[in-house]
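Computed from heavy atoms alone, side chains included, the values below leave out hydrogens, waters and symmetry copies. Here is the naming used below: chain letters follow the sequence lines, and residue numbers restart at 1 for every chain.
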2 protein chains.
Amino acid sequence: MNQNVQSSFKALADPTRRSILMHLSKQDMTVQELTDNFDMTRAAVKKHLTILENGNLIKAHRQGRDRINSLDTLGMKSVTEWLNYFDQFWDERLDSLRTAIESHTTKSN
Amino acid sequence: MNQNVQSSFKALADPTRRSILMHLSKQDMTVQELTDNFDMTRAAVKKHLTILENGNLIKAHRQGRDRINSLDTLGMKSVTEWLNYFDQFWDERLDSLRTAIESHTTKSN
DNA sequence: TTGACAAGATACTATTTGGTATCGTATTGT
DNA sequence: ACAATACGATACCAAATAGTATCTTGTCAA
């Protein structure tokens, strides 16, 4: 579970991989189609795809000789959940700050 | 701006750094206090702090001979915004999926 | 004032990482 | 049947990364 979050964050830390996700958000694509959009070999793109798959950010299935890559929501969810902890924290901080300001202004009134 | 997102994602990709953020969410801490929570040297922790600072995930100020580290919302925001693009995408996918199912069931009725 | 403590900076090392080159296998279309 | 295409896997290389050790500077307290 925690390993899960780690592999998702790792996968998102590379600009090429984030760009792959952007492409896949528009349409499912084969390895070759994705490769056409980057200045690197198919092998390099395939490595990125494996890392994205390990992070549950994409999934893939074979269709004849093609590998169809598509987005997966699982990885995105675990990352978002991790970040949510801090959103909660920001809110608390803002709340206590607001409370402090209010009590201060009421005091000075 | 895009470099901004990159440095934030990079900073979040390390488990030690995410752990540091967790600690700082509970209270602001000096470099030494943080180091006490990890099995590594102060120099290593300081390197992580620099990376977190570059990713706008923490900020720091000197207080006497101490360096007080605290959370910064900027980095978290840029990451969340990047992810929001996909949340939007998920919703659309779910909507079109629901529409497809509905139109199918009405057809078969 | 001087010893102890907190931090900054840098040189160095081992491991990870992003990339290529290249091999083999399966599938397609003529 | 067979040439072309798509993919998987692996060996290899250069650069980035996470860590240590060590030296220096600034600050506190007795």
Taking only side-chain nitrogens and oxygens of His48(A), does any of them come within less than 4.0 Å of OP1 or OP2 of dT17(C)? no
Of the listed dG19(D), dT20(D), dG8(C), the closest approach to the Thr16(B) side chain comes from dG19(D)
Distance check needed: dG8(C) P versus Arg62(B) CZ, whole Å only. 5 Å
Distance in angstrom units between Lys47(A) NZ and dT10(D) P, rounded: 11 Å
In whole angstrom, give the distance that lies between atom CD of Gln6(B) and atom P of dG18(C). 10 Å
Can you figure out which of dG8(C), dG19(C), dT20(D) approaches the side chain of Lys46(B) most closely? dG8(C)
Whole angstrom is fine here: how far is it from CG in Asn69(B) over to C1' in dA6(C)? 12 Å
Is a donor-acceptor pair below 3.5 Å formed from side chain Arg65(B) to base dC5(C), judging by atom type as modelled? yes
Nearest-angstrom distance from the residue atom CD of Gln32(B) to C1' of dA4(C): 13 Å
Starting at atom CZ of Arg42(A), determine the distance to atom P of dT20(C), rounded to an integer number of angstrom. 12 Å
Any donor-acceptor N/O pair, Ser19(B) side chain to Pro15(B) backbone, under 3.5 Å: no
Using a distance-only test with no angle check, is there a side-chain donor-acceptor pair under 3.5 angstrom linking Asp28(A) and Asn69(A)? no
To the nearest Å, how far apart are Ile20(B) CD1 and dG19(D) C1'? 13 Å
